[in-house]
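Heavy atoms only: backbone and side chains are in, while hydrogens, waters and symmetry mates are out. Keep in mind that what you see is a predicted model, and the values were worked out from it rather than measured.
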Amino acid sequence: MKKLMLATGNSGKVRELNAILAGVCEVISQKELGVNEVPETGLSFVENALIKARNASRQTGLPALADDSGLVVDALNGAPGIYSARYAGEGATDEENLQKLLSDLKRNNNDNRQARFWCALAFVLHGDDPTPVIIQRGWEGKIIDEVRGEGGFGYDPIFYLSTHNCTSAELSSEEKNKISHRGQALQAFLKQLKD
Ligand code: ITT
């Protein structure tokens, strides 16, 4: 594969996917190709990833890889989940989403801070591809009340990794890409393509 289109408008995802795929294939984002975004109407990460991959592929005629991801918090019954990007409302900033999550957890009065980032990747060769490649990976951590670190994006500053004694926003981008939900999913995707 020479060229791969990333079916995402999220610059944080593009940066991370680009870094992991560097040297493997040339990456083009759907933005560069003028793809119109599609409503994410699924109820799961997988459904939404597939909706986005098919949409980008239909509009361009190119194979497409989509990433639907988010934060799943046990004490909130899995919220914000597939609504992670718009948890505080349509067009909300990362900071607004993160603050809403912290205030919901505080109000909830539940000590359980276990959470995971989830990433579903969907790859289609064309818009109606009946055999898409689907990969899912999770990354376990705990939600902390203070905001720590400048790296990453989204909920990274409150996602604490006991394995590294820091938040995912305090990891270097290389380290995050090696161990994150997205990094793991992309490695598995590349392995599957090779096999
Ligand atoms: P596209 O649909 O265009 O890809 P999006 O931002 O709307 O962009 P999603 O619907 O998949 O994408 O929502 C992903 C959200 O989940 C993202 O905006 C973050 O809030 C959060 N998220 C996902 N991966 C993350 C990561 O590695 N670090 C921090 N937050 C992450």
> Hey, what do you get for CG (L21) to CG (N177), rounding to the nearest 0.5 Å?
Replying inline: 10.0 Å
> Is there side-chain contact between L4 and L17, with heavy atoms separated by less than 4.5 Å?
Replying inline: no
> Which pair of non-hydrogen atoms, one from Q184 and one from I179, has the smallest distance, and what is that distance?
Replying inline: NE2-O, 3.0 Å
>> So does N36 get a backbone contact from the side chain of N55, meaning a donor-acceptor N/O pair under 3.5 Å?
In response: yes
> Please, which pairs that meet salt bridge (charged side-chain N to carboxylate O under 4.0 Å, His left out) have at least one residue in residues 43-54, sequence neighbours excluded?
Replying inline: E40-K52, K52-D68
> Could you walk me through whether L101 and L76 pass the side-chain contact (heavy atoms from CB on, under 4.5 Å) check?
Replying inline: CA-CA 9 Å; L101 179 68; L76 299 175; 3.4 Å; yes
>> Can you confirm whether F123 sits close enough to I135 that some side-chain heavy atom of one is under 4.5 Å from a side-chain heavy atom of the other?
In response: no
>> Please report the interatomic distance CD(E26) to CG(N18), rounded to the nearest 0.5 Å.
In response: 10.0 Å
>> Please check this pair: side chain of E175 against backbone of S172, looking for a donor-acceptor N/O pair closer than 3.5 Å.
In response: no
> Is it the case that one hydrophobic cluster holds both I144 and V147, taking links as side-chain heavy atoms less than 4.5 Å apart, direct or via other members?
Replying inline: no
Please tabulate, for side-chain N and O atoms in residues 186-195, each donor-acceptor pair with protein atoms closer than 3.5 Å (sequence neighbours left out).
from	atom 1	to	atom 2	distance (Å)
K191	NZ	D195	OD2	3.1

> Can you name the one residue among Q136, R137, R182 that meets side chain to side chain contact (heavy atoms under 4.5 Å, CB included) with S69?
Replying inline: R182
> Under the side-chain contact (heavy atoms from CB on, under 4.5 Å) criterion, do R58 and D128 qualify, and how do the steps go?
Replying inline: CA-CA 8 Å; R58 279 193 186 117; D128 297 325; 2.9 Å; yes
> Rest of the hydrophobic cluster containing F45 (Ile/Leu/Val/Met/Phe/Trp/Tyr, side-chain heavy atoms under 4.5 Å)?
Replying inline: L43, V72, I82, Y83, W118
> Distance-only, no hydrogens or angles: does the E170 side chain make a donor-acceptor pair with backbone N or O of R148 under 3.5 Å?
Replying inline: no
> For A7 and A56, which heavy atoms make the closest approach, and how far apart are they?
Replying inline: CB-CB, 3.5 Å
> Do the side chains of K3 and L62 get nearer than 4.5 Å, heavy atoms only?
Replying inline: no
> Which value, rounded to the nearest 0.5 Å, describes the distance between R113 atom CZ and L105 atom CG?
Replying inline: 4.5 Å
> For K100, what residues pass the salt bridge (Lys or Arg N to Asp or Glu O under 4.0 Å) criterion, not counting sequence neighbours?
Replying inline: D104
>> Test your reading of the model: is there a side-chain donor-acceptor pair from Q114 to the backbone of K142, 3.5 Å cut-off?
In response: no
> Linking Ile, Leu, Val, Met, Phe, Trp and Tyr through side-chain heavy atoms less than 4.5 Å apart, which residues share a cluster with I134?
Replying inline: V46, L50, V124
> Which atom names give the shortest non-hydrogen contact between G42 and I51, and what distance separates them?
Replying inline: N-CD1, 3.8 Å
>> Set out, in order, the CA-CA distance, both residues' side-chain angles and the distance that settles side-chain contact (heavy atoms from CB on, under 4.5 Å) for L6 and K13, then state yes or no.
In response: CA-CA 9 Å; L6 298 181; K13 286 185 193 176; over 6 Å; no
Distance-only donor-acceptor hits, side chain of residues 150-159, under 3.5 Å, sequence neighbours excluded:
from	atom 1	to	atom 2	distance (Å)
Y155	OH	S84	O	2.7
D156	OD1	S168	OG	2.6
D156	OD2	F153	N	2.9
D156	OD2	K176	NZ	2.8

> Can you find a heavy atom in the side chain of D67 that is under 4.5 Å from one in the side chain of T8?
Replying inline: no
> At what distance, to the nearest 0.5 angstrom, does CG of N97 lie from CG of L102?
Replying inline: 11.0 Å
>> Side-chain heavy atoms nearer than 4.5 Å, only ILVMFWY residues, links allowed to pass through others: does that put V133 and L65 together?
In response: yes
> Do you know which two heavy atoms are closest between S29 and V14, and how far apart they sit?
Replying inline: CB-CG2, 4.4 Å
>> If you compare all heavy atoms of A53 against all heavy atoms of A64, which two are closest, and at what distance to 0.1 Å?
In response: O-CB, 3.6 Å
> From R15 CZ over to S173 OG, what is the distance, rounded to the nearest 0.5 angstrom?
Replying inline: 8.0 Å
>> Can you confirm whether L71 sits close enough to I143 that some side-chain heavy atom of one is under 4.5 Å from a side-chain heavy atom of the other?
In response: yes
>> Checking the side chain of N112 only, and the main-chain atoms of D74 only, is there a donor and an acceptor separated by less than 3.5 Å?
In response: no
> At what distance, to the nearest 0.5 angstrom, does CG of L125 lie from OG of S57?
Replying inline: 8.0 Å
> Where do A49 and A66 come nearest, in terms of heavy atoms and distance?
Replying inline: O-CB, 3.2 Å
